[in-house]
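Okay, so here's the structure we're looking at.
Both backbone and side-chain heavy atoms feed into the values below; hydrogens, waters and symmetry mates do not. All values derive from a computational prediction rather than experimental measurement. Lettering of chains follows the sequences in order, A, B, ..., and the numbering in each one begins at 1.
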Amino acid sequence: MYKAPRGTVDILPEEQAFWRYVEAKAAEVCQLYGYQRLDTPVFEEAALFTRSIGEGTDIVTKEMYVFKDRSGKQLALRPEGTAPVCRAYIEHGMDNLPQPVKLYYLAPAFRYERPQAGRYRQHYQFGCEAIGDGDPALDSEVIHMACQFFTSLGLKELTVQLNSIGCKSCRPEYIKALKGYYQERAADLCPDCKTRLEKNPLRLLDCKRQGCQHIADNSPRSTDYLCPECRSHFEVVTEFLRSLDLPFNFNHRLVRGLDYYTKTVFEVQPLAGGAQSALGGGGRYDDLIEQLGGKPTPAVGFAAGMDRVVLTLKKQGIPVPPLPLPEVFIAHLGNEAKGEAVKLAASLRSQGIGVVMASGDRSLKAQLRQANSLGTGYAIIIGEEEIKNRKLTLRNMVSGEQQSLTPAELRAVLGKGT
RNA sequence: GUGAGCGUAGCCGAGUGGUUUAAGGCGUCAGGUUGUGGCCCUGAAGAACGAGGGUUCGAAUCCCUCCGCUCACCCCA
């Protein structure tokens with residue numbers, strides 16, 4: 001028997017209400033903040049990601065789905081959404097549009113990882129990017145928008161973690177200080193951290209091991225090494241967040257796994273959460289567009305994991321609106337009636353009324369049971385009597401009341417009710 | 001990639017070597033007289049017990065391998 005590949009899931013009809021709800025809220029929030037949707041291909045040239053995310057990152061070295069097409073071109077399934085948006089920005093000359101250009105996407109992303117709660121090989125991201133302006137007001141707006149998205153869904157008890165990791169001019173100084181600090185304590189580090197010290201020193205900060213906690217807590221802070229430009233940028237971001245009454249935790253240990261971030265980085269997570277609980281994160285990436293071949297262009301963005309959002313909605317018991325059902329079920333008895341039912345169904349649908357017609361030739365009892373389990377508000381019954389009288393029986397499935405109506409009367413009643 | 005737990009019908013789940021030709025519940029289907037749902041009642045279909053191999057007179061129950069799920073690490077949304 002075939003099964004969905006490891007780390008992938010089918011989103012079944014009974015799950016769809018959650019997803020449609022989240023998608024609708026995402027689109028709503030984007031409209032509110034002036035973001036326009038951009039859909040990019042699921043696959044891109046592999047180099048786009050290795051250049052943007054970083055050659056040495058885990059995403060690139062061990063998680064990307066890379067393959068050659070028949071012409072031998074190296075392609076990769078999109079592991080994240082920012083690089084493709086930047087590629088499209090450059091490719092379509094969006095630097096000629098009024099800046100910043102605000103774009104959003106709802107798209108699957110692919111990473112070859114060991115599946116876990118809230119972590120899949122195919123997952124869905126909602127992301128938005130504001131490209132072309134370095135204004136710190138945009139950083140705070142993006143953070144505000146992220147929070148707006150989560151709270152509009154009804155999610156509760158969220159925290160925003162905020163940090164600034166500087167830019168290419170001040171970060172090297174900080175990395176040096178961080179390395180120096182850790183080198184002195186290398187003997188006390190866990191094995192993972194020993195390799196981090198060489199490979200990716202920033203990641204030392206969010207080691208979860210007991211023994212490394214104390215060391216990380218007291219490590220040098222990136223915010224103490226910011227250049228004047230980055231410092232004032234960060235100050236303005238926090239000032240705006242305060243003026244928006246948006247609570248945040250300054251977290252000097254917050255770093256992100258993608259190389260392109262500069263200055264502001266942030267993450268949103270539920271208060272009570274497991275390991276994979278971050279609902280979304282983002283930050284500024286002022287060097288990325290240039291790195292991908294565009295003009296020097298500042299940008300800021302964020303992405304949310306839709307799967308985790310849905311998971312959290314369920315965990316917090318937040319009700320989502322049910323998906324609309326067809327209003328009417330048509331039951332029929334006998335061949336002639338079935339013919340009438342086919343025509344009636346088509347005619348009601350052409351009026352915009354949703355109809356499920358009983359298929360097969362089952363007993364009326366069975367047909368009404370089906371109507372009941374579908375949850376349609378009405379059932380129409382067509383049998384010999386109705387055909388003889390040129391009328392239809394309309395049964396209200398909630399009250400159980402029935403009336404005998406002509407087709408015209410029926411249309412009037414149903415048209416009014418919907 | 002590492003470590004731990006788990007895997008019985010569509011779903012939940014009993015059963016841990018021999019009256020198991022594998023409970024029960026939900027769901028599905030059909031009935032409970034002649035054309036009527038939701039409650040109730042009856043009946044039916046549906047599983048060689050994740051896959052493959054092994055131990056044994058005998059395995060869903062023990063062992064091995066693989067696959068998958070869950071959790072933690074790694075990493076990230």
Side-chain angles (χ1 to χ4, degrees), chain A residues 1-9 12 14 22 53-54 56-64 78-82 105-127 146 150 190-193 195-196 199-200 203 206-209 212 255-258 267-269 273-282 301-312 329 331-334 337 358 360 362-387 393-402:
Chain A
M1 202 212 281
Y2 291 111
K3 286 192 276 192
R6 182 162 203 204
T8 68
V9 292
L12 298 170
E14 65 249 38
V22 175
I53 298 168
T57 59
D58 281 13
I59 294 180
V60 167
T61 57
K62 43 191 216 202
E63 295 176 1
M64 268 217 295
R78 152 178 68 216
E80 62 101 36
T82 300
Y105 55 88
L106 291 162
F110 306 85
R111 290 181 203 167
Y112 186 85
E113 299 181 279
R114 200 97 180 244
Q116 216 175 304
R119 200 174 77 182
Y120 310 99
R121 290 184 176 182
Q122 174 174 355
H123 70 279
Y124 295 85
Q125 290 194 6
F126 159 49
F150 294 124
C190 70
D192 281 333
C193 278
T195 61
R196 286 186 183 110
K199 212 183 84 187
N200 193 351
R203 296 227 64 85
D206 71 354
C207 182
K208 294 184 190 77
R209 304 245 176 177
C212 300
V255 293
R256 315 220 69 231
L258 296 85
E267 224 165 72
V268 182
Q269 46 195 250
Q276 252 63 51
S277 61
L279 292 175
F302 118 99
M306 309 253 290
D307 314 73
R308 290 182 186 175
V309 169
V310 169
L311 229 45
T312 309
F329 182 89
H332 49 81
L333 291 154
R362 301 198 287 170
S363 69
L364 184 59
K365 175 195 284 234
Q367 294 184 60
L368 286 175
R369 272 184 180 156
Q370 190 190 349
N372 186 251
S373 71
L374 286 172
T376 60
Y378 292 96
I380 293 169
I381 300 165
I382 310 178
E384 285 171 28
E385 274 177 41
E386 285 79 5
I387 288 177
T393 298
L394 179 69
R395 180 176 179 84
N396 181 319
M397 294 299 285
V398 179
S399 66
E401 285 168 37
Q402 286 191 184

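Counting any heavy atom pair closer than 4.0 Å across all strands shown, A:Y120 reaches a base atom. Note on A:R196: only backbone sugar-phosphate atoms sit closer than 4.0 angstrom, heavy atoms only; bases stay farther off. Contact annotation for A:E386: base contact, defined as any heavy-atom pair under 4.0 Å involving a base atom. Base contact: A:V398 has a heavy atom under 4.0 Å from a base atom. If you check every strand for non-hydrogen atoms under 4.0 Å, A:E385 touches a base. Contacts of A:G334 with the nucleic acid, taken as non-hydrogen atoms under 4.0 Å apart, are absent. At a threshold of 4.0 angstrom between heavy atoms, the contacts of A:R256 are confined to the sugar-phosphate backbone, with no base atom among them. If you check every strand for non-hydrogen atoms under 4.0 Å, A:Q402 touches a base.
Nearest heavy-atom pair across A:L106 and A:M306 is CD2-SD, 3.7 Å.
No side-chain heavy atom of A:E63 sits less than 4.5 Å from a side-chain heavy atom of A:P79. In this structure the side chain of A:F126 never reaches within 4.5 angstrom of the side chain of A:V22, judged on heavy atoms.
Counting distance only, with no hydrogens placed and no angle test, the side-chain atoms of A:K365 and the base atoms of B:G32 include a donor-acceptor pair under 3.5 Å. With hydrogens and angles ignored, a donor-acceptor pair closer than 3.5 Å exists between the side chain of A:E113 and the base of B:A77.
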Grab the N/O contacts between the protein and nucleotides 3-8 of chain B below 3.5 Å, and write none if there aren't any.
none

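For the pair A:Q116 and B:A72, the criterion of a side-chain N or O lying under 4.0 Å from OP1 or OP2 is met. For A:R119 and B:A77, the shortest distance from a side-chain N or O to OP1 or OP2 is not below 4.0 Å. At B:C75, none of the side-chain N or O atoms of A:R111 fall inside 4.0 Å of OP1 or OP2 (strictly under the cut-off).
In this structure, CD on A:E113 lies 8.0 Å from NE2 on A:H123, to the nearest 0.5 angstrom.
In this structure, A:R121 atom CZ and B:C67 atom P are separated by 11 Å, rounded to whole Å. As rounded to whole Å, 12 Å separates atom P of B:G35 from atom CD1 of A:I381.
Among the nucleotides B:A30, B:A77, B:U28, the one closest to the side chain of A:L258 is B:A77.
For the pair A:E267 and A:R256, the salt-bridge criterion is met [side-chain N within less than 4.0 Å of a carboxylate O].
In summary, the side chains of A:R111 and A:Q122 do not present any donor paired with an acceptor at a separation below 3.5 Å, with no hydrogens or angles considered.
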Between protein and nucleotides 41-49 of chain B, map the contacts as a letter string: B base, S sugar-phosphate only, - none, heavy atoms under 4.0 Å, written 5' to 3'. ---------

